[in-house]
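What you see is a predicted model; the values in this text were computed from it and never measured. Here is how names work: the chains are called A, B, and so on, in the same order as the sequence lines, proteins then strands, and each is numbered from 1. Atoms considered below: every heavy atom in the structure, side chains included; atoms not considered: hydrogens, waters and symmetry mates.
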Amino acid sequence: MNVAAPQSTVLRMTYNTYLLLFFVYLAAPLVAAGVFAFNDSTFSALPWKGFTLDWFFGSTDPKVGMFNDRRLLRGMTNSLYIGIIVSAMAVIVGTCNAFLFERKQFPFKNVLYILMIIPLVIPGVILGISILVFASMIANGAETSLNLDLAFLRPGMFLVILGQFSFLTTITSLVIAARLRKFDISLEEAALNLGASRGRVLATVTLPFLAPALFSAFVVGFLISFENFNTTLMLVGSDAPLTITMYDRMVKVGSTPVLNAVSVFLMVGSGLLAVLSVLAQRNRTGE
Amino acid sequence: MFDLESDKITKRFGTFTAVKDVSFEVPSGSFFSILGPSGCGKTTLMRIIAGFETPSEGDIRIKGKSVLGSAPNKRNVKMVFQHLALFPMMNIGENIAYGLKCRGENRTDIKRKVTAVLDRIGLPGVEEKHVSQLSGGQKQRVAIARCMVLEPDVLLLDEPLGALDLKLREHMKIELKQLQHQFDTTFLYITHDQSEALVMSDNVAVMNAGRFEQIGPPEELYNAPKSAFVAGFVGDSNRFSGKVSAISGGEARITLANGQEVLAGIDDKALFLGAKVDVFVRPEAIFITRREKAAADSPQTLLKGVVDSLLFNGANSRVLVRLEDSSLVEVDHRIGQGEDRFNKGEAVLLGWEMHAGQCFAAKG
Amino acid sequence: MFDLESDKITKRFGTFTAVKDVSFEVPSGSFFSILGPSGCGKTTLMRIIAGFETPSEGDIRIKGKSVLGSAPNKRNVKMVFQHLALFPMMNIGENIAYGLKCRGENRTDIKRKVTAVLDRIGLPGVEEKHVSQLSGGQKQRVAIARCMVLEPDVLLLDEPLGALDLKLREHMKIELKQLQHQFDTTFLYITHDQSEALVMSDNVAVMNAGRFEQIGPPEELYNAPKSAFVAGFVGDSNRFSGKVSAISGGEARITLANGQEVLAGIDDKALFLGAKVDVFVRPEAIFITRREKAAADSPQTLLKGVVDSLLFNGANSRVLVRLEDSSLVEVDHRIGQGEDRFNKGEAVLLGWEMHAGQCFAAKG
Amino acid sequence: ETLRLLTWGGYAPDEVVRLFEEKYPDIDVEVTFSNNEEMIAKLRATRGAGFDLAQPSHDRIYAAQLEYGIYKPLDLSQIDTSVMQDGLLKSVKDNTTIDGEVYAVPHQWGTSGLMADITKAPDINSWDDLCDPEYKGRTSMRLRRTILLGMAFSMGKDPFAAYGDLAEYQKIMDEVTEKLIACKGNIKTYWSGGDDLSNLMLSGEVVASETWDSTAYKLYGEDANIVFVPPETGALAWIDTFAIPAKGEADDAAYKWINFVLQPEIVTMMSASTGALASVKGSIDLLPDDKKAAVKAAFDDAAIENLKFFVNIPAGIEDIEGKSLERIKAASQ
Amino acid sequence: MLRNDATKLSLILLMTPFILWIVLLIILPQLGIGYLSLREKLGPNDYKFGFANYVDFLQEPIYWNTLLRTAWMSILVTILSLFVGFPIAYYIAKIARRRSRAALFLLCLIPLWVSDLVRAFGWIVLLRETGIISGALQSVGLIEGPVELLYNDVTVVIGLIYTVVLFMIVPLVSTLDGMDNSLLEAGYNLGGSRFTVFRMIVVPYAMPGIVAGCIITFMLTAGSYLTPILLGGKNSMWFTEQIYDQFITRYNWEAGSTFGVLLLVFTSFVVWLGLRLTGQNLASTVAKD
Ligand SMILES: Nc1ncnc2c1ncn2[C@@H]1O[C@H](COP(=O)(O)OP(=O)(O)OP(=O)(O)O)[C@@H](O)[C@H]1O
Ligand SMILES: Nc1ncnc2c1ncn2[C@@H]1O[C@H](COP(=O)(O)OP(=O)(O)OP(=O)(O)O)[C@@H](O)[C@H]1O
Ligand SMILES: NCCCCNCCCN
Ligand SMILES: [Mg+2]
Ligand SMILES: [Mg+2]
């Protein structure tokens with residue numbers, strides 16, 4: 001018997017119904033957004049006008065599918081590019097942070113640890129505007145006093161990367177640190193004791209142990225970067241990532257089912273990635 | 001020639017001294033144990049030997065050469081960790097091959113050696129298995145094999161049986177001792193379990209609060225402890241506190257708080273008349289008789305008590321006797337040997353041969 | 001009158017039967033233990049009694065009344081959990097007061113009772129302390145006090161000493177027994193450690209694979225086991241496998257694989273000539289003599305062997321003797337008692353009184 | 001080389017981009033859709049970097065340029081201004097000349113006015129008809145300065161005349177704000193982009209709205225019941241321009257684009273996409289047929305007479321308007 | 001000696017990226033907006049130092065009304081998310097069997113991997129007047145004409161709960177997961193009713209998770225933009241929108257920075273208050289795993 005579970009049938013059924021409703025609630029908007037990707041209409045709204053794949057592959061005017069839409073495709077490549085760079089950076093720095101906080105002793109460690117998690121609770125908008133403002137200050141300073149044009153400090157891909165990096169690093173640090181905390185330091189000592197050099201220990205024992213966490217930190221970072229809006233919006237230049245492109249499309253141009261198609265694509269893509277990362281975690285840790 | 005020598009090793013962490021002035025030598029091929037309660041500094045000492053800590057003072061010599069200057073990965077002492085520290089991301093073969101690879105040996109040699117050592121520990125053919133597929137005792141052996149394949153000068157073992165369950169622990173005690181014979185390597189073994197130390201070792205050092213209290217073969221520690229700590233820690237003991245009321249030669253007469261007198265052997269030259277002392281007597285050294293029968297026997301010490309309870313435990317059964325000052329004394333009691341079974345509440349007399357009592361100055 | 005009765009309890013999980021047809025009674029005020037290996041169904045049985053599982057068949061009666069219909073929080077049996085399950089978000093006082101609060105007692109009563117029970121377990125004034133500030137043994141006592149303050153009909157204890165370290169466990173054994181006396185409450189105690197069960201209990205049930213193999217006082221289990229499982233599980237034993245070559249009365253002659261013969265008492269009426277049997281003999285029941293002296297002594301069984309090693313362990317020292325078929329026999333060996341110390345490699349003879357050997361049909 | 005356009009939705013149809021890239025294979029066109037406010041905001045943040053060609057409306061250049069210096073002067077010799085309608089060209093030049101340098105030339109022009117589905121909202125003809133309770137929950141507007149101005153006109157004020165007197169302008173805006181707050185409950189939602197509005201109209205969720213005429217013309221093609229209605233106080237005319245950001249890196253390409261999209265066949269394509277009229281001579285004739293009809297349906301001569309061109313915004317005005325818009329946005333109905 | 005140097009060197013090597021990150025991307029930028037918020041605009045390119053921006057904020061009810069509204073709506077969403085999420089987390093952590101547990105958890109997370117925009121978009125498709133729900137209700141005959149379900153506070157709250165409830169569930173699952181069932185059993189065994197056990201054992205035990213979930217949920221809600229804007233439409237009134245508006249439509253970075261500082265201070269204050277009241281701390285709750 002599971003003492004945690006309700007014992008009476010009525011309660012149990014109410015509980016199960018609630019669960020069901022909750023999952024329906026979770027699925028509803030996604031299903032709705034997904035379904036209209038296949039509606040043969042120029043609106044993502046009822047009535048249903050028949051099934052079509054045009055919103056994915058169409059190439060003629062009112063129905064240009066996402067795979068023939070240059071701006072969407074460009075947004076996607078930008079997102080991909082930003083996502084990979086940002087998560088790689090966040091994983092690298094996150095690994096350093098994990099080692100720093102799990103392995104090292106230094107003054108003010110607690111204060112610095114709080115600082116490390118603070119970005120997680122700063123609203124994304126504020127990270128966005130503050131980095132925009134700060135970068136502009138430096139760039140303006142350089143321009144007025146040194147006559148230097150620091151173009152990379154103006155809104156654009158570089159600032160988007162910095163902006164996303166600023167809070168993603170907290171997440172990757174926490175994920176990696178959690179795994180590192182589970183690492184039995186005596187494994188490293190054992191390796192040293194068996195004659196391995198420090199570098200070899202890192203490469204053959206510590207990093208392989210961290211690998212699942214590194215991988216899932218990367219995936220999580222990538223997915224969050226891919227979908228980030230609040231921070232990115234303030235920092236984009238001309239090379240906007242997909243969410244911004246979609247948003248612009250939605251509010252400045254108007255939505256057609258091509259946005260539903262993109263949504264389907266994103267759902268499938270991220271879903272697969274998420275499952276992959278969970279599986280990777282499980283396979284390696286489920287010893 | 002000693003495989004391992006520790007020369008006045010001291011280790012301080014900040015103001016706290018974890019290891020104090022510890023010196024000992026381990027002869028080649030012998031099984032040396034360090035026995036002490038939790039936190040007494042055993043692991044610290046072992047980590048100093050392995051090179052994971054630098055001693056604040058003193059020197060460590062392996063095969064006569066100081067190793068203080070060598071990094072941990074350059075010392076030819078291998079270590080079996082408390083929780084074994086087998087690499088979970090490698091299979092058994094890779095675990096054992098790890099040290100050989102680090103040394104840069106070639107593949108065929110490695111393969112041959114791995115196979116050979118697995119045979120030797122009685123686990124042939126487990127190379128491909130995953131660590132999690134082995135039982136506790138098998139893992140234990142693999143951890144030893146992983147070190148032995150490197151032919152270390154000394155094998156260090158840090159409470160390797162701590163994580164095993166009772167029955168397996170009993171079994172592994174015997175097996176470890178046999179492995180040591182088989183490999184004929186010097187073992188330095190750490191434990192807080194006195195029975196492990198006693199059963200396996202050629203020599204045991206008893207450690208307390210960073211110091212070695214006594215070094216000697218198991219029988220010596222058990223039968224002739226040199227300090228109250230050793231007497232209390234090694235084997236079960238009953239302790240009686242009192243004052244020295246007479247000394248003659250190696251014998252003393254001690255008056256207990258309740259006014260009764262006991263006799264004990266005395267080693268410590270510093271004891272004087274009126275000194276507060278503790279007398280330690282092992283449960284198996286105590287005779288127990290019904291009071292009415294007392295005249296018949298004549299042990300040199302006689303204490304009055306009442307049977308409080310019987311702790312039946314097969315060959316290790318005990319009688320708990322409550323003395324007049326209401327303290328409890330444990331007395332060994334083999335059912336069916338000698339006297340009949342005692343009953344709760346019976347009035348009894350306890351006694352022991354004088355030299356079965358060990359007398360030490362009381363602390364504080 | 002019985003505080004607790006289990007009447008043909010069976011519990012199935014799917015197709016797997018965890019508890020099979022278990023019946024027993026626990027008299028008021030007694031200490032009853034269930035002893036069995038890991039996974040044999042002990043916890044399941046206890047959870048049935050506490051009401052966390054519903055038995056597939058059978059009935060549980062407390063003070064004579066069936067409780068199958070009552071919810072767990074309505075049964076007056078309290079439970080000390082394996083890992084104690086002290087509430088980490090409450091301090092000690094609140095932990096103990098919890099049950100009283102649930103009962104709706106008033107504040108002053110609660111306060112008085114908490115203080116009283118803490119006094120009784122020897123921890124006065126710890127009300128405000130946090131759970132994590134207590135030592136293992138103290139937590140143990142608090143967990144018991146938390147139940148006892150509710151004056152249960154029966155106290156259930158699920159391997160409560162499992163998490164403690166060796167020395168503390170030894171100590172707590174005695175303390176638990178004393179607490180039971182003090183509170184004068186019926187204890188139902190679960191353990192897989194035979195020494196705990198033997199030392200503390202008035203009655204012990206030995207459980208194996210869901211069944212009770214034998215119920216009886218500790219001495220009975222130790223001296224007159226009714227099955228091979230009980231003989232092997234309770235106390236240390238040497239096992240000799242062989243075939244019955246002669247039976248007369250309660251005695252049997254058994255021929256071992258190596259051709260030697262041993263004698264054993266026989267209980268099992270089903271044993272016949274030629275049956276495969278296992279003979280169990282306790283280490284302390286075996287005599288050991290040097291071969292040249294053999295003629296002088298006359299134990300009924302004589303096996304030839306060679307001393308393999310000496311396992312010194314104070315009062316529990318053993319001699320390991322290797323028989324001719326190279327199996328090892330453990331023999332109890334009190335140094336200084338009777339014969340001199342044996343040396344490695346000496347040729348010896350082993351023997352025992354016929355009824356010291358317990359003979360059971362071999363499995364499989 | 002890349003040409004990074006910062007423009008309105010519809011102002012860079014895929015087809016045109018494709019033709020342009022075919023003609024200039026070494027130029028790659030990247031388009032970012034935006035609106036007047038955001039164009040200024042983006043260029044302000046980059047100090048005129050990040051884009052090579054922007055298309056703000058003619059009245060939104062002067063003040064922004066003075067304060068932020070985000071554009072560079074045009075090299076008019078690189079633009080074939082001869083094809084442009086003189087009036088429009090002059091108007092834009094006048095509005096965007098600073099220190100003798102011209103900062104913009106016209107591209108598309110049109111008006112802002114009303115749009116209604118005549119079957120469901122037959123008698124819409126004033127800005128404040130959007131607040132008519134008869135259409136409660138079925139009207140829409142874009143919450144930007146156009147509606148502030150329009151509403152002011154319909155209340156009998158002339159906001160352009162008050163541009164010189166901030167206090168007076170503030171007063172007008174306060175009244176307009178009040179009116180629009182009161183109106184808030186009447187409208188369904190504020191639209192934000194052309195297609196957004198189109199969806200609302202075509203789905204029938206909205207029956208009357210403030211609109212760009214271009215959007216209305218587009219819809220007329222789909223549903224002839226949806227027409228552009230010039231408000232009785234006059235439609236507000238805007239001209240979207242070409243301006244080159246101060247740190248644009250592809251001026252050449254930008255000029256090429258300007259000239260390219262002013263070619264007659266491109267103008268037709270462009271107008272089909274935007275719905276608006278190009279600033280080239282004879283642009284009405286270059287409209288696709290359905291749009292031509294739509295324009296005819298919307299404007300009679302009197303309406304054209306009545307057009308009110310946006311006037312350059314002096315400093316301070318935008319702050320007043322911004323506050324008003326915020327107030328309306330934040331008000332609860 | 002040598003090893004000491006190596007330790008120091010590795011500490012410096014590990015510390016450098018951390019310091020660069022925190023100082024350059026977090027601390028200095030925050031100081032930057034703090035600085036900018038103190039710049040009063042007198043005219044084009046003419047500034048002086050002062051608190052005028054803050055005074056403006058205080059004097060303009062629409063600003064602080066919006067902030068207050070954002071705050072209370074966020075608190076409401078946080079509380080509702082807790083109520084909605086707790087039973088789910090409890091089920092996953094304590095009731096579901098081993099295998100379905102992982103699956104349910106994954107199921108819970110999938111919406112998380114789709115951007116805010118897509119989720120909001122999904123709600124729009126569902127709730128708009130010509131949307132699925134309106135259509136379904138009409139075809140069932142429950143309503144006569146189409147109904148607009150967008151652009152009201154209830155929708156905004158539902159949408160916000162949708163976007164943040166997972167961040168409530170995850171920490172709850174991880175704390176509840178750590179709760180040994182024997183604590184519950186002990187609770188019942190000692191005579192506790194279901195309610196007592198829930199109130200005195202489950203809730204206090206889950207407190208760090210509850211607080212962590214509430215903090216993250218609150219911050220995400222208060223800082224959200226797309227959901228309230230897209231679902232609230234003309235009635236959204238969200239403080240982040242004010243910030244964006246100042247930056248984007250008013251090019252008023254000074255006021256935008258002021259709002260940013262205010263939002264940060266205000267939300268931090270709420271979080272601090274929450275931690276104070278529940279006796280938790282940031283490091284042990286949010287960073288637990
Ligand atoms: N790095 C360190 N810094 C400070 N104190 C330490 C350090 N390592 C160990 N100590 C302290 O030194 C003492 C001895 O520790 P050590 O680990 O050697 O004990 P031990 O005898 O191995 O105990 P156990 O049987 O529990 O393993 C302990 O009090 C411990 O707290
Ligand atoms: N809810 C359950 N569903 C299925 N099988 C179960 C369940 N609970 C217990 N079992 C099985 O029943 C058997 C007995 O379990 P139980 O926990 O009673 O053993 P135990 O004697 O207490 O062991 P231990 O000494 O390890 O605590 C085990 O094989 C276990 O796997
Ligand atoms: N479809 C795009 C319409 C562009 C309109 N620009 C209008 C500017 C009004 N101020
Ligand atoms: Mg240790
Ligand atoms: Mg159990």
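- Neither the backbone nor the side chain of A/F222 comes within less than 4.5 Å of any heavy atom of chain E.
- Of the listed residues (A/F165, A/F229, A/F167), the greatest number of heavy-atom pairs within a distance under 4.5 Å of chain E belongs to A/F229.
- With a threshold of 4.5 angstrom between heavy atoms, A/N16 approaches chain E through side-chain atoms but not through N, CA, C or O.
- Proximity to chain A involves both the backbone and the side chain of E/L104, based on heavy atoms less than 4.5 angstrom apart.
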Audit row: E/D177, E/K94, salt bridge (Lys or Arg N to Asp or Glu O under 4.0 Å) steps and yes/no: CA-CA 7 Å; E/D177 210 23; E/K94 300 260 68 111; 5.3 Å; no

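- Atom CZ of A/F265 has 12 or fewer heavy atoms from other residues, nucleotides or ligands within 6.0 Å.
- Contacts of A/L273 with chain E are absent, with no heavy-atom separation under 4.5 Å from either backbone or side chain.
- Taking the six-membered ring wherever Trp is involved, the centroid distance between the rings of A/F99 and E/F18 does not fall below 6.0 Å.
- Taken to the nearest 0.5 Å, the CZ atom of E/R119 stands 11.5 Å off from the OG atom of A/S263.
- Among A/F106, A/Y25, A/F36, A/F23, the residue making the largest number of heavy-atom pairs under 4.5 Å with chain E is A/Y25.
- Remark: the backbone N or O of A/T169 is paired with a side-chain donor or acceptor of A/T172 at under 3.5 angstrom.
- Using a 4.5 Å cut-off between heavy atoms, E/W253 contacts chain A through its side chain alone, with no backbone atom that close.
- In this structure, chain E has heavy atoms under 4.5 Å from both the backbone and the side chain of A/N230.
- Contacts between A/F22 and chain E at a heavy-atom distance below 4.5 Å involve the side chain alone, from C-beta outward.
- Within a 6.0 Å sphere centred on NZ of A/K104, heavy atoms belonging to other residues, nucleotides or ligands number more than 12.
- For chain E, the option among A/G94, A/S166, A/G128 with the highest count of heavy-atom pairs below 4.5 Å is A/S166.
- For E/L166, the part lying near chain A is the side chain, with the backbone staying farther off; criterion is any non-hydrogen pair under 4.5 Å.
- Of the options E/I158, E/L150, E/L149, a side-chain contact (heavy atoms from CB on, under 4.5 Å) to E/L231 is made by E/L150 and by none of the others.
- When heavy atoms are compared at a cutoff of 4.5 Å, A/M250 approaches chain E solely by way of its side chain, counted from C-beta outward.
- For A/L242, no part sits under 4.5 Å from any heavy atom of chain E, backbone or side chain.
- For A/N260, the parts lying near chain E are the backbone and the side chain together; criterion is any non-hydrogen pair under 4.5 Å.
- The aromatic rings of E/Y90 and A/Y15 sit parallel to each other, their planes meeting at less than 30°, with 60° as the upper class boundary.
- Using a 4.5 Å cut-off between heavy atoms, E/Y91 contacts chain A through both its backbone and its side chain.
- Proximity to chain A involves both the backbone and the side chain of E/L11, based on heavy atoms less than 4.5 angstrom apart.
- A donor-acceptor contact shorter than 3.5 Å is absent between the side chain of E/S257 and the backbone of E/L36.
- The contact between A/M137 and chain E is made entirely by side chain atoms (from C-beta outward), counting heavy-atom distances below 4.5 Å.
- Partners of E/D180 according to the salt bridge (charged side-chain N to carboxylate O under 4.0 Å, His left out) rule, which considers only residues two or more places apart in sequence or in another chain, do not exist here.
- Counting heavy-atom pairs closer than 4.5 Å to chain E, the top-ranked of the candidates A/F226, A/Y18, A/W48 is A/Y18.
- Both the backbone and the side chain of A/T170 come within contact range of chain E, each with at least one heavy atom under 4.5 Å from a heavy atom of that chain.
- Between atom CD of residue A/E227 and atom OG of residue A/S79 there is a gap of 11.0 Å, rounded to the nearest 0.5 Å.
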